[in-house]
Amino acid sequence: MTFFQDYSIPALPPRPRTPQFTPPPWTAPPRYELPAVVPVSRFVHKSPTFVMSVEAIKVYSTGCIMDMNWILRRTDQGDRKWAEINAVFHRPAPQVRDGGISADSILLLGVQFPDGTKASTSSLTMYGHRPMDQEPSGPVFEYRPKGGNGGEDDMSANAALWLWPLPPAGDLRLVAQWTDMGLPESSIILDGRQLREAAAGVQKYWPEEDVQG
């Protein structure tokens, strides 16, 4: 016999189930998909002091994520200057609309579809105040920082860039610029057809009816 055996444990009241929120397709990749990975391993820019590369592209049924890396190597910068660069290098990319910010001082990334349609990570203001249930009139290209490192000799960072929708077949131009870090406007051409064909290899976690249920 124990002290508490005469005390009953009250039953918990029924808890209503909260409906799961499903974000619009242009805001994020589908939650229940294993993407097809397209290896790229190409330099967007390569110089004695600055390198930017695309490692791979994760293709989903609705869009894709570009895995990008960049590294800045120290040359003759003094300690104070190097510390100032470090503070700028690792900050989130601000919007071009912010007052007092020069386009030369921030990392600019963009894409151009085969039909000439463009999207830039610096122009997200065109979507910033749009209701989530209102589909954008053009492509979305969103910068999502993943992390980075800094030291006495170099500093590096990487990011995932979400592109919606999947580009059509043809030349997909990826453009980057960061003038103050020694990255002039540079670009590479990716194969839109290859990305669309890769989408056929996307795997669902569960059958669609199970996901919706």
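Nearest heavy atoms, G201 versus A36: C-CB, 4.2 Å. The minimum heavy-atom distance linking I65 with W162 is given by the pair CG1-CE3, 3.6 Å. Taking each heavy atom of S61 and K204 in turn, the nearest pair found is OG-NZ, 4.3 Å. Smallest separation of non-hydrogen atoms from P184 and G182: CD-O, 3.3 Å. Contact between A28 and R144 at its shortest, heavy atoms only, is CA-NH2, 3.9 Å.
Ring planes of H45 and F50: tilted class, angle from 30 to 60°.
Taking the charged nitrogens against the carboxylate oxygens, R31 and E33 have no contact shorter than 4.0 Å, which rules out a salt bridge. Between E185 and R173 there is a salt bridge, with a side-chain nitrogen of the basic residue lying less than 4.0 Å from a carboxylate oxygen of the acidic one. Using a cut-off of 4.0 Å between Lys/Arg side-chain N and Asp/Glu carboxylate O, D76 and K81 are scored as not salt-bridged.
Between P168 and F113 the shortest side-chain heavy-atom distance falls below 4.5 Å. Under the 4.5 Å side-chain criterion, counting only non-hydrogen atoms from C-beta, D180 is not in contact with V88. Here the side chains of P139 and W164 are not in contact, with every heavy-atom distance at 4.5 Å or above. Looking at heavy atoms from C-beta onward, M68 lies out of side-chain contact with E55 at the 4.5 angstrom threshold. Looking only at side-chain heavy atoms (C-beta outward), V59 and L166 come within less than 4.5 Å of each other.
Grouping the Ile, Leu, Val, Met, Phe, Trp and Tyr side chains by contacts below 4.5 angstrom, directly or via other members, places I188 with F141. Side-chain heavy atoms closer than 4.5 Å link hydrophobic residues (I, L, V, M, F, W, Y) into clusters, and following such links, even through other members, never connects L107 to I71. Hydrophobic cluster membership is shared by Y143 and V111, with clusters built from Ile, Leu, Val, Met, Phe, Trp and Tyr side chains linked at under 4.5 angstrom. Following chains of ILVMFWY side-chain contacts shorter than 4.5 Å, one cannot reach F43 starting from M52, and the two form parts of different hydrophobic clusters.
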* Pair I85-L72, side chain to side chain contact (heavy atoms under 4.5 Å, CB included): steps then yes or no -> CA-CA 10 Å; I85 294 174; L72 175 70; 3.7 Å; yes
* To do: List the steps, then state whether side chain to side chain contact (heavy atoms under 4.5 Å, CB included) holds for L161 with L109.
  => CA-CA 9 Å; L161 292 113; L109 294 157; 3.5 Å; yes
* Step by step, would you call M66 with L163 a side chain to side chain contact (heavy atoms under 4.5 Å, CB included)? -> CA-CA 8 Å; M66 300 181 184; L163 174 63; 4.1 Å; yes
* Is there a side chain to side chain contact (heavy atoms under 4.5 Å, CB included) between K146 and D67 once you walk through the steps? -> CA-CA 10 Å; K146 294 170 61 178; D67 289 328; 3.7 Å; yes
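A distance of 9.0 Å separates CG in L174 from CZ in R42, rounded to the nearest 0.5 Å. With rounding to the nearest 0.5 Å, the separation of OG in S156 from CG in N149 is 4.5 Å. Taking CG from L190 and CG from L172, the interatomic distance works out to 5.0 Å, rounded to the nearest 0.5 Å. E135 CD to W26 CH2: the interatomic distance, rounded to the nearest 0.5 Å, is 5.0 Å. To the nearest 0.5 Å, atoms CD (E152) and CG (N86) are separated by 9.5 Å. To the nearest 0.5 Å, the span separating CZ on R196 from CG on D191 amounts to 12.0 Å.
The backbone N or O of W82 lies less than 3.5 Å from no partner atom in the side chain of R74, so there is not a single donor-acceptor pair. Listed for the T27 side chain is no donor-acceptor partner under 3.5 Å among the backbone atoms of P25.
Side chain to side chain, T75 and Q77 meet the donor-acceptor criterion of an N or O pair below 3.5 Å.
In this structure, the ring of F89 has its center less than 6.0 angstrom from the ring center of W178.
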